[in-house]
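Notes follow once the structure below has been shown.
Everything quoted here is computed from the prediction, not taken from an experiment.
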Amino acid sequence: MVDTGSNRAAWTEFWASRDARQNGCLPSGDDRLAGAIQTVWNGWAASLPKYAQVLDVGSGNGTVMAAILRTRRDLKPVGIDYATAVPTAPRGSKLRGGIAMEKLPFRSGQFIAATSQFAFEYGDMPAVAGELRRVLAPTGRLALVLHCQDSAIVRHNWNRLRALRWLLDEFRLLDKLQSSLALGAPIATADRTVAHAVRLAAAQFGPASAAVEPCLALQAFLVDPALGTAQIQAVVQRIGAQAKAECARIAAMAAAAERVGDGAPVAALLGAHGFDQIAYRRLSIGKDDEPFALLLVAVRTD
């Protein structure tokens, strides 16, 4: 990931605004998907030596560390994330924010294993691969859960992006609200504009779409008699910033999935950076379900 202040601020805001129990890009409320990912990490954790130190890169809220600790309480996971402010680490683990995957602050050969879930592919993959090889001990193990081109998760988020871009760029809801409020129009006028956006968004994308979500959030403030025009303008600006940040994150996800492709490009990259026994497979919930991610495992060669 290019080390820019805007990227870091976007991920910091993301984790600051979410429940620490939620995973970053997974569709909310999908217990089957969460269970399938837990099964992956159950198997991985069971294969590790006793008391192994495990590095989790792009840890977010520590989802992977929590998953492996459910299987193996003896493991010693340490997570790092690009965001400067991260949620509290799961019990039994450590989590550090403000760290780029491309510049890991650990000594060479420190870890027996390394993991990443929906993070490796966002970074400068050659640099991250080199750093992971450096911090892994000889024969150290690597497991990556990656977005891939035909992922159901990517498709789900791409649909969110389409809906948000319609709201922001075609209907231009936030621009309309700011202009109306700046000209002194009654708040009731803004409320009618939002209600119109809800009707159009629900008809085009569905009543639970990403285009409807910001509208419902705005309506909750517009009906509050205690809030004046200036306060409403601040709310519109904040919700707009959150929506634009989500658009940027989803666009980054789509680009990352394209780089992963079918997994072969990442396997070749790891092979060129000193990894061996490289294998990858698509992950799906059921036999006939479309894949939601790619699991890639490898071993550091001496």
Side-chain angles (χ1 to χ4, degrees), residues 1-2 7-8 10-11 14-15 18 22-30 32-41 43-44 55-65 67 79-83 100-102 114-129 131-132 142-165 210 245-270 273 275 278-286 289-298:
M1 182 178 292
V2 178
N7 282 336
R8 178 160 285 161
W11 284 107
F14 176 80
W15 289 118
R18 290 179 73 85
Q22 293 177 290
N23 195 12
C25 53
L26 298 184
S28 60
D30 194 332
R32 291 198 311 153
L33 181 54
I37 290 179
Q38 178 67 55
T39 298
V40 168
W41 295 120
W44 170 255
L55 173 64
D56 183 42
V57 298
S59 200
N61 61 352
T63 297
V64 173
M65 297 192 296
I80 61 97
D81 198 84
Y82 193 58
M101 296 181 286
E102 296 84 352
T115 58
S116 175
Q117 179 171 295
F118 304 136
F120 175 88
E121 63 270 40
Y122 285 87
D124 178 343
M125 291 196 295
V128 180
E131 276 292 85
L132 287 172
L142 175 66
L144 308 174
V145 172
L146 305 165
H147 291 303
C148 53
Q149 281 182 315
D150 55 354
S151 163
I153 293 175
V154 174
R155 178 176 50 77
H156 164 83
N157 282 278
W158 186 253
N159 289 336
R160 289 187 61 82
L161 180 61
R162 288 179 52 248
L164 285 171
R165 282 180 170 169
E246 181 173 0
C247 287
R249 288 190 296 267
I250 295 173
M253 174 194 294
E258 185 175 355
R259 289 193 294 272
V260 171
D262 64 354
V266 182
L269 172 69
L270 291 177
H273 283 80
F275 287 91
I278 301 168
Y280 56 95
R281 64 181 175 89
R282 287 177 169 82
L283 299 175
S284 58
I285 296 171
D289 290 311
E290 62 183 322
F292 62 82
L294 189 79
L295 172 65
L296 188 150
V297 296

Just wondering, are more than 12 heavy atoms of other shown residues or ligands nearer than 6.0 Å to CZ in R162?
no
Please find the pair of heavy atoms, one from [X] and one from [Y], that lie closest to each other, and give the distance.
{"X": "M125", "Y": "V266", "answer": "SD-CG2, 4.3 Å"}
{"X": "C247", "Y": "L164", "answer": "SG-CB, 3.7 Å"}
{"X": "S284", "Y": "D289", "answer": "CB-O, 3.5 Å"}
{"X": "R160", "Y": "E246", "answer": "NE-OE2, 2.7 Å"}
{"X": "A127", "Y": "E102", "answer": "CB-CG, 3.8 Å"}
{"X": "W41", "Y": "A67", "answer": "CB-CB, 3.9 Å"}

For D81 and S59, which I'm curious about, is there any donor-acceptor pair between the side chains at under 3.5 Å?
no
Distance in Å, [X] [atom1] paired with [Y] [atom2], rounded so as to fall on 0.5 Å steps:
{"X": "F120", "Y": "L269", "atom1": "CZ", "atom2": "CG", "answer": "5.5 Å"}
{"X": "S151", "Y": "M253", "atom1": "OG", "atom2": "CE", "answer": "7.5 Å"}
{"X": "F118", "Y": "I37", "atom1": "CZ", "atom2": "CD1", "answer": "4.5 Å"}
{"X": "L294", "Y": "L144", "atom1": "CG", "atom2": "CG", "answer": "9.0 Å"}
{"X": "E121", "Y": "C148", "atom1": "CD", "atom2": "SG", "answer": "9.5 Å"}
{"X": "L33", "Y": "Q38", "atom1": "CG", "atom2": "CD", "answer": "12.0 Å"}

Applying the side-chain contact (heavy atoms from CB on, under 4.5 Å) test to Q117, which of L146, V57, V40, T63 qualifies?
T63
With side-chain contact (heavy atoms from CB on, under 4.5 Å) as the test, pick out the partner of L142 among L270, V297, I278, T115.
L270
Is there side-chain contact between F292 and I285, with heavy atoms separated by less than 4.5 Å?
yes
Check whether any side-chain heavy atom of P265 sits under 4.5 Å from a side-chain heavy atom of R259, and report yes or no.
no
Salt-bridge criterion met for R282 and E290 (N-O under 4.0 Å):
no
Side chain E258, main chain Q149, donor-acceptor under 3.5 Å:
no
